[in-house]
Amino acid sequence: MHNGTDPLPRRDSRKERIARNRLHPEHDAVLAEMLGTSRVGPSLWAGPNGLARRNPHRVGFSGPNGIKRIDRSGAQIDTSLNLRTERQAVVADRRTTVEIETPAFLIAVVPDLPGGRLSAHDRDLLGLARQLADADPAVPGAVLAIVFGAIREDGFGTAGVDRLLHSLIHSADQSPGLGASSNTQCRPEARLAVLADVERELLPCHWLLPDSPMGGADLGRRLAARLSERPATQVWQINQDADGKRCNGLGAAGSTDINRPLSRLVLALAECAEPVAMTRHAARPMTLPAPLSRMPGRIQDLGAVAVDPATVALDEAEFILAAGRGVSDWAGFHNAAAVLGATEGASRVAVDDGFMARDRQVGASGTWVTARVYLAVGISGAIQHLQGIKSCDKVVSINLDPDCDMNKRADLAVIGDADEILAALVALQQRIEEKADAA
Amino acid sequence: MPPDVLVESAPADRLGIAVLVSVGRHPLTGRTRRADQDARAYELALSIAGACTALLHAGQNDAENELALRGYLGMVGASESGENTAERLVVIEQAIGADVLPALVNALRELTPELVLCGMRAETGEGSGMLPYLLAEWLGWPIVSGVAQVESVSDGVATLLQALPRGQRRRLSVRLPAIVTVDSAAPGARPSAFGPARRGGLAVSAAASMPDEARAEWLTTPARKRPRRLKIITALSARDRFKAAAAKTQGGGGKVLTGVSPEIGAEAIQALLKEEGVLPS
Ligand SMILES: Cc1cc2nc3c(=O)[nH]c(=O)nc-3n(C[C@H](O)[C@H](O)[C@H](O)COP(=O)(O)OP(=O)(O)OC[C@H]3O[C@@H](n4cnc5c(N)ncnc54)[C@H](O)[C@@H]3O)c2cc1C
């Protein structure tokens, strides 16, 4: 018998033999005893003379077809866990939290927030703002987002916002029927007054606004005129030069590139910078110290005008009801589009079969749509069709086949007969309208 | 020559409109032409009944520009609202590369129109779209951008239809005098007739030019085509980047309702549509 104080290490050749034989019934137990750890044992340990020893049977995992895989990137995947949730958790955890307590300067951003949420354009703009704020790590700046109206976004922090100033002006006149458009341009003069207050109280180092028809282009130019700043418009890039920052923008209706020194007020195009991906910021709410003085606006908003959705161009439509081969009751479909106030779209099969006009086709050889909500009825989701709805926000699918590709893309998939569900939807909507009329 | 000889205010009983026009550039051939949005602005002015329209241009006065500007004068013909075609176009002469803002402010103060119409942005030069906003700030007038239609003008208030993205329209009323900009949502301009364009009067008035010094230092090159971003990949390791690039669309964690009655399915869809705010209220 030997114990820990024995000066001579003794070898048990039987156990060594078992440890070498992976197929021996006592193999795991012996290995664990020899290595003094858990049943499985480490895959890497220091050998008796200091050399690193590796157990090749302990590294890697078995892949989907039972073949052993060794992943040398270090991000090993345990097949016993749900792959998807595991990966998403990893991505979320990788964001480092950044807190800027006393910023040296402020970069003010006024996102469009169509429908109360950050658009892709807004996120690019916030990425650009971070470029400016984090240019010199010794003097960190903070990104201040100034938002108006009703907000449905909760990802300001992950989009790169350090401070959030929420102005509640005209949140009362949010008309629900208009969705994205209702958040824009209602009272530009009131918004301008808020921005002028921010300028007076906080004096941001730069102002960034989206040069977009959603309202940023108008508000940004109003602000530039009010502050007497010459803005850089249609900017698509900011870069650092030997003698300071410069920016590239489009001029002359997009036919020239203008390279000029960076101005204080920048109206930037979409894709001007990569959106923030690796950091999470505080998005700390802020209020303006001064009471906001208001003068009555000279522009009065008389509300949205009902536009016949059937006349709206497909690539401009905000809400599309699209039909595929799964639809057989075409009168019911057209009626549903009218009741729901949706613009009609179609898959290629529906067009080829003559049920819909060619200019209504969605997809690779039709129109690439940008609708916020896309309701696909009886469409299988062929890749040529899915390409066309890449930039749609929310996709709803009605289909008989639970495994079709459209259901994988959809945020909400209802499995059932297209015509029946559409009819139920129409009945539901009409009942609500009647109730509203009676009240 | 004082400019007020050329720029006459509208008679008191008619609505005075000034349309600011510029020299455009054809996007394909690069030839000078009447600017598309400015022509739409003039078209909008012609659709307002009982108005008196003046056309104003500030810029160089050479043969090529004159030919392009005469394109506006050729916009004659039956308009349902009667006679408010401008008899002549006033060119306020400026040096090349001058800042035309002071000249236009002076001319508008002289002319005292009630409504100023112009395009959203020029087709040449910087094309920043700032001019109408600066005019509004200098004159202290309200400005409305992207108007598709002037519905009515009465008692110093104009009712306008503003074009919003996604084909939507918003009705606004604005106190006059006001500046209104027009973009491609407004009805297209009528074609320009050659004879009237040749015969139309073009009055030139001289004004002091303010050189635009900042712009002289900029680097202007023909626009390069920028590649469109296909996919944002936020991966640290090469393995993740490869996986992201090669991945097929996977289920976005969407909700799937299986084996429900049509009514329950319809309710779920309606709830989503309502939350997104796309249903008619
Ligand atoms: C070069 C090329 C370009 C193309 N370009 C386009 C394009 O631009 N746009 C386009 O759309 N297609 C395009 N296609 C065609 C595309 O590949 C598909 O064939 C097409 O999109 C399928 O249309 P669908 O989904 O309506 O029909 P199907 O694929 O037949 O799908 C019908 C779906 O309806 C469901 N269904 C059936 N009955 C019911 C019911 N009673 N209730 C509910 N669901 C039901 C089925 O489960 C099925 O999922 C292109 C193809 C090629 C080769």
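Each chain gets a letter, A, B and so on, in the order the sequences are listed, and its residues count up from 1.
Taking non-hydrogen atoms and a 4.5 Å limit, the residue list of residues 113-128 of chain B in contact with chain A, ordered by number, reads B/Arg121, B/Ala122, B/Glu123, B/Thr124, B/Gly125, B/Glu126, B/Gly127, B/Ser128. Among the residues in residues 391-399 of chain A, those with a non-hydrogen atom closer than 4.5 angstrom to a non-hydrogen atom of chain B are A/Lys394, A/Val396, A/Ile398.
Annotation: maximal heavy-atom pairing with chain A below 4.5 Å, among B/Pro142, B/Gly30, B/Gly265, B/Ala158, occurs at B/Pro142. Between chain B and the options A/Val426, A/Asp417, A/Val312, A/Leu340, the largest number of non-hydrogen pairs under 4.5 Å is found for A/Leu340. When the candidates B/Ile143, B/Leu134, B/Thr159 are compared by the number of heavy-atom contacts under 4.5 Å with chain A, B/Ile143 comes out ahead. Note: B/Ile269 leads B/Ile269, B/Asp183, B/Thr258 in heavy-atom pairs under 4.5 Å with chain A. Comparing A/Ala313, A/Pro231, A/Ser228 by how many heavy-atom pairs each has under 4.5 Å with chain B, the most go to A/Pro231. Looking only at heavy-atom pairs under 4.5 Å with chain B, the residue among A/Asp315, A/Val414, A/Leu422 that has the most is A/Val414. The candidate with the highest count of non-hydrogen atom pairs below 4.5 Å against chain A, out of B/Pro27, B/Ala266, B/Pro132, is B/Ala266. Ranking A/Gly251, A/Pro402, A/Ala413 against chain B, the residue ahead of the rest is A/Ala413, based on heavy-atom pairs under 4.5 Å. The most heavy-atom pairs under 4.5 Å with chain B, out of A/Asp211, A/Asn248, A/Leu375, A/Leu425, come from A/Leu425.
Neither the backbone nor the side chain of A/Leu267 comes within contact range of chain B, judged by heavy atoms closer than 4.5 Å. Only the backbone of A/Val339 comes within contact range of chain B, with at least one heavy atom under 4.5 Å from a heavy atom of that chain. Of the two parts of B/Leu161, only the side chain, counted from C-beta on, holds a non-hydrogen atom closer than 4.5 Å to a non-hydrogen atom of chain A. Heavy-atom distances place the backbone of A/Ala317, and not its side chain, under 4.5 Å from chain B. Of the atoms belonging to A/Ala270, it is backbone heavy atoms, and not side-chain ones, that fall under 4.5 Å from chain B. Proximity to chain A (any heavy atom under 4.5 Å) is shown, for B/Thr181, by neither the backbone nor the side chain. Contacts between B/Leu272 and chain A at a heavy-atom distance below 4.5 Å involve the side chain alone, from C-beta outward. A/Thr256 touches chain B through backbone and side chain together, each having a heavy atom under 4.5 Å away. In this structure, the portion of B/Leu273 lying under 4.5 Å from any heavy atom of chain A is its side chain and not its backbone. Residue contact with chain B, scored on non-hydrogen atoms closer than 4.5 Å, involves the side chain of A/Leu269 exclusively. With a threshold of 4.5 angstrom between heavy atoms, B/Trp141 approaches chain A through N, CA, C or O but not through any side-chain atom.
With sequence neighbours excluded, no residue satisfies salt bridge (charged side-chain N to carboxylate O under 4.0 Å, His left out) with A/Glu420. Residues that satisfy the side-chain hydrogen bond (donor to acceptor under 3.5 Å, both in side chains) test with B/Glu137, not counting sequence neighbours, are A/Arg226.
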*Apply side chain to side chain contact (heavy atoms under 4.5 Å, CB included) to A/Arg230 and B/Arg215, showing your working.*
CA-CA 11 Å; A/Arg230 186 167 197 171; B/Arg215 209 180 118 200; 4.2 Å; yes
*Going through the checks in order, is the side chain to side chain contact (heavy atoms under 4.5 Å, CB included) test met by B/Lys274 and A/Gln429?*
CA-CA 11 Å; B/Lys274 203 179 249 169; A/Gln429 181 66 17; over 6 Å; no
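A 4.5 Å side-chain heavy-atom check between A/Gln300 and B/Val157 finds every atom pair outside the cut-off.
When every heavy atom of B/Tyr133 is checked against every heavy atom of A/Ala225, the shortest pair comes out as O-CB, 3.7 Å. Of all heavy-atom pairs spanning B/Ala223 and A/Leu250, the tightest one is CB-CD2, 4.4 Å.
Annotation: the span from B/Arg226 atom CZ to A/Glu271 atom CD amounts to 7.0 Å, rounded to 0.5 Å. Note: B/Glu267 CD to A/Ile421 CD1 = 12.0 Å, rounded to the nearest 0.5 Å. Rounding to the nearest 0.5 angstrom, the gap separating the CE atom in B/Met130 from the OG1 atom in A/Thr233 is 9.0 Å. With rounding to the nearest 0.5 Å, the separation of CD in B/Gln162 from CD1 in A/Ile299 is 8.5 Å. Rounding to the nearest 0.5 Å places CZ of A/Arg298 at 14.0 Å from CG of B/Leu172.
Of the residues listed (B/Leu219, B/Thr221, B/Thr220), the one engaging A/Ile258 in a side-chain contact (heavy atoms from CB on, under 4.5 Å) is B/Thr220, and it is the only one.
The environment of CD in B/Glu151 is crowded: more than 12 heavy-atom neighbours from other residues, nucleotides or ligands sit within 6.0 Å.
A donor-acceptor distance shorter than 3.5 angstrom exists from the side chain of A/Arg152 to the backbone of B/Glu275, with no hydrogens or angles considered. A/Arg260 places no side-chain N or O within 3.5 Å of a backbone atom of B/Ala214 that could act as its donor or acceptor partner. Of the possible donor and acceptor atoms, none in the side chain of B/Arg25 sits under 3.5 Å from a partner among the backbone N and O of A/Ala252. The main-chain N or O of B/Arg224 is found under 3.5 Å from a side-chain atom of A/Asp257 such that the two form a donor-acceptor pair.
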